[in-house]
Amino acid sequence: MTSSAQHTGAGSYPKVRRMKFRFGQPEPMTKYYAGDDIVLSHLVALLSAVFPPGEESFIRSVRRFADQITDPVLKKRVAAFIGQEAVHGQQHGKLNEQLFALGYPLQQVVSRQHRLVQQAERLAPPAAHLAITAAAEHYTAVLAARVLSSSEIQALAGDPEVRNLLNWHALEELEHKSVAFDVYRAVDGPEWLRIAVMSVLYAFTIPVVGLGVLAAIVADPAAWRPVTVARQSYRLARGPIVRGLLSEIQVYLRPGFHPDDVDTAALLRQWQNELFGAEGALVDRVR
């Protein structure tokens, strides 16, 4: 078993930052805020819609094992993980309010996500629920590293405050990327279950998200521009967000893998300074 003290990311506990973003200020958000890209705007909106119920579920999965954690370092990391995830859900909820007002058909997505999550939690054994969280955290960490290391992705964000939200979220996903995984190991979660859960997510996440984006576009009459949507879909599939993503996810399937085997420490330090250093871009967003 790997001690959590061996895997502390950049060498410190994740920091809980109480954020307050200013969506729609000083200029109102445009409908297709991601550089007038219909598909990318709907993709970010869909992900933002599912984050709040997803973050709540991740918190519950870890809390179910809180009384089994004896390592004081891991206990503090878990507390920070819970705090960060709670703020993520809150701030994505604020963005979702803006997206609702712009006409994105997300209310049903959020409602359905809450129901599905609750049903899944009732059916899944606690260890499987925690394994899902650990696998999902690897997905988000891979995406976070892409967001923070690609100038092309940075340029795609369009709306500056949405970019700020995504950069902050990505930074904190890297800060706590191994917490749920270390809880899973600390409570002797079986390796076969960890790999099996990721195998399912590996096979189905991209197709399910793709179908969700398509359904959202169909429900948005202003997006009924087939040639434009087809061109933008191709560009997304061939671009830096999706291209090669599965090969980076696949390393999780290797027996003995740990999230900190993927070294993101330098990237983490760079963005901690850029966002929250003495002259950081988001210092004034921290309450």
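Nothing fancy with the numbering, it's 1 onward along the sequence.
In terms of modelled atom types and a separation under 3.5 Å, the side chain of Trp224 and the main chain of Val218 share a donor-acceptor contact. Judged by distance alone, with hydrogens and angles left aside, the side-chain atoms of Lys75 form no donor-acceptor pair with the main-chain N or O of Thr70 at under 3.5 Å. Remark: side-chain polar atoms of Asn167 are not paired, donor with acceptor, to backbone N or O of Leu148 under 3.5 angstrom. Looking at Glu248, its side chain never comes within 3.5 Å of a backbone N or O of Val142 through a donor-acceptor pair. Although no hydrogens or angles enter the test, the distance criterion places a donor-acceptor pair under 3.5 Å between the side chain of Ser61 and the main chain of Phe58. Without hydrogens or angle criteria, Thr205 side chain to Tyr202 main chain gives no donor-acceptor distance under 3.5 Å. For Asp263 (side chain) and Ala265 (main-chain N/O), a donor-acceptor pair under 3.5 Å exists by modelled atom type. In this structure, Arg163 contributes its side chain and Gln154 its backbone to a donor-acceptor pair below 3.5 Å. With hydrogens and angles disregarded, no donor-acceptor distance shorter than 3.5 Å links the side chain of Tyr104 to the backbone of Ala45.
Two residues are said to be in side-chain contact when any heavy atoms from C-beta on lie closer than 4.5 Å; Arg185 and His258 meet this criterion. Under the 4.5 Å side-chain criterion, counting only non-hydrogen atoms from C-beta, Lys94 is not in contact with Leu165. You'll find the side chain of Leu40 reaches within 4.5 Å of the side chain of Ile241, heavy atoms only. Within the 4.5 Å cutoff, the side chain of Thr133 has no heavy atoms near those of the Tyr184 side chain. The closest side-chain heavy-atom distance from Ser233 to Val229 is below 4.5 Å. Phe181 is not listed as a side-chain neighbour of Glu137, based on a closest heavy-atom distance of 4.5 Å or more. Residues Trp168 and Gln91 are in side-chain contact: their nearest non-hydrogen atoms beyond the backbone lie under 4.5 Å apart. Looking only at side-chain heavy atoms (C-beta outward), Gln270 and Glu274 come within less than 4.5 Å of each other.
Counted within 6.0 Å of CD on Gln68, heavy atoms from surrounding residues, nucleotides or ligands total more than 12; the atom is thus considered enclosed. By the 6.0 Å contact criterion, CZ on Arg238 is open, its count of non-hydrogen atoms from other residues, nucleotides or ligands being 12 or less.
Using a 4.0 Å cut-off between charged side-chain N and carboxylate O, Glu121 and Arg60 make a salt bridge. Salt bridge absent: Lys15 and Glu172 never bring a charged side-chain N and a carboxylate O closer than 4.0 Å. Looking at Asp220 and Lys31, a side-chain N of the basic residue comes within less than 4.0 Å of a carboxylate O on the acidic one, giving a salt bridge. Comment: Asp284 engages Arg22 in a salt bridge, judged by a side-chain N to carboxylate O separation of less than 4.0 angstrom.
Across Leu74 and Ala186, no two heavy atoms sit closer than the pair CD2-CB, 3.8 Å. Nearest heavy-atom pair, Leu236 versus Leu43, reported as atom, atom and distance to 0.1 Å: CD2-CD2, 4.0 Å. Scanning all heavy atoms of the two residues, the minimum distance from Gly277 to Val283 falls at O-CG2, 3.2 Å. Nearest heavy atom pair, residue Ala216 against residue Pro105, reads O-CG, 3.8 Å. The minimum heavy-atom distance linking Ser48 with His92 is given by the pair OG-ND1, 2.9 Å. Among all heavy-atom pairs drawn from Ala141 and Lys177, the shortest one is CB-CB, 3.8 Å.
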Dump the intermediate steps for side chain to side chain contact (heavy atoms under 4.5 Å, CB included) on Tyr139 and Met198, then the final yes or no.
-> CA-CA 9 Å; Tyr139 250 102; Met198 178 55 93; 4.0 Å; yes
Is there a salt bridge (charged side-chain N to carboxylate O under 4.0 Å, His left out) between Arg77 and Asp71 once you walk through the steps?
-> CA-CA 10 Å; Arg77 293 173 63 218; Asp71 181 349; over 6 Å; no
Evaluate the side chain to side chain contact (heavy atoms under 4.5 Å, CB included) criterion for residues Ile195 and Trp192: first the C-alpha distance (whole Å), next the side-chain angles of each, then the deciding distance (0.1 Å), finally the verdict.
-> CA-CA 5 Å; Ile195 293 172; Trp192 70 265; 6.0 Å; no
For side chain to side chain contact (heavy atoms under 4.5 Å, CB included), just list the numbers for Phe21 and Leu95, CA-CA rounded to whole Å, side-chain angles, deciding distance to a tenth of an Å, and then say yes or no.
-> CA-CA 9 Å; Phe21 290 96; Leu95 174 58; over 6 Å; no
Please assess Met19 against Val286 for the test side chain to side chain contact (heavy atoms under 4.5 Å, CB included), listing each intermediate value before the final yes or no.
-> CA-CA 5 Å; Met19 305 297 293; Val286 182; 3.7 Å; yes
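At a threshold of 4.5 Å between side-chain heavy atoms, the hydrophobic network of Ile, Leu, Val, Met, Phe, Trp and Tyr places Leu253 and Leu245 in one connected group. Tyr234 and Leu214 are assigned to two separate hydrophobic clusters, defined by single-linkage of ILVMFWY side chains at heavy-atom distances under 4.5 Å. Val251 and Leu201 fall within a single hydrophobic cluster, where Ile, Leu, Val, Met, Phe, Trp and Tyr are joined by side-chain heavy atoms under 4.5 Å apart, directly or via other members.
Put simply, CD on Glu173 and OG1 on Thr140 are 3.5 Å apart, with the number rounded to the nearest 0.5 Å. How far OG of Ser41 is from CG of Leu99: 9.0 Å, rounded to the nearest 0.5 Å. Expressed to the nearest 0.5 Å, how far CG of Leu282 lies from CG of Asn164 amounts to 4.5 Å. The CZ atom of Phe65 lies 9.5 Å from the CG atom of Asp67; values are rounded to the nearest 0.5 Å. Atoms CG and CG, on Leu275 and Leu171 in that order, are 6.0 Å from each other to the nearest 0.5 Å. Taking CG from Asp159 and CD from Gln98, the interatomic distance works out to 9.0 Å, rounded to the nearest 0.5 Å.
Glu175 and Gln272 share a side-chain donor-acceptor pair at under 3.5 Å. Glu161 and Gln25 share no donor-acceptor pair across their side chains, judged by distance under 3.5 Å alone. Residues His129 and Arg64 have side chains that bring a donor and an acceptor to within less than 3.5 angstrom of each other.
Ring-plane geometry between Phe81 and His176 is classed as perpendicular, the angle between the planes exceeding 60 degrees on a 0 to 90 degree scale with a lower cut at 30. Note: His169 and His88 have tilted aromatic rings, judged against thresholds of 30 and 60 degrees for the angle between ring planes. Using cut-offs of 30° and 60° on the angle between ring planes, the pair His42 and Tyr32 is tilted. Classified by interplanar angle (parallel below 30°, tilted 30° to 60°, perpendicular above 60°), the ring pair Phe257/His138 is perpendicular.
Taking the ring axis of Tyr252 as reference, the NZ or CZ atom of Arg194 stays within 45° of it and closer than 6.0 Å to the ring centre.
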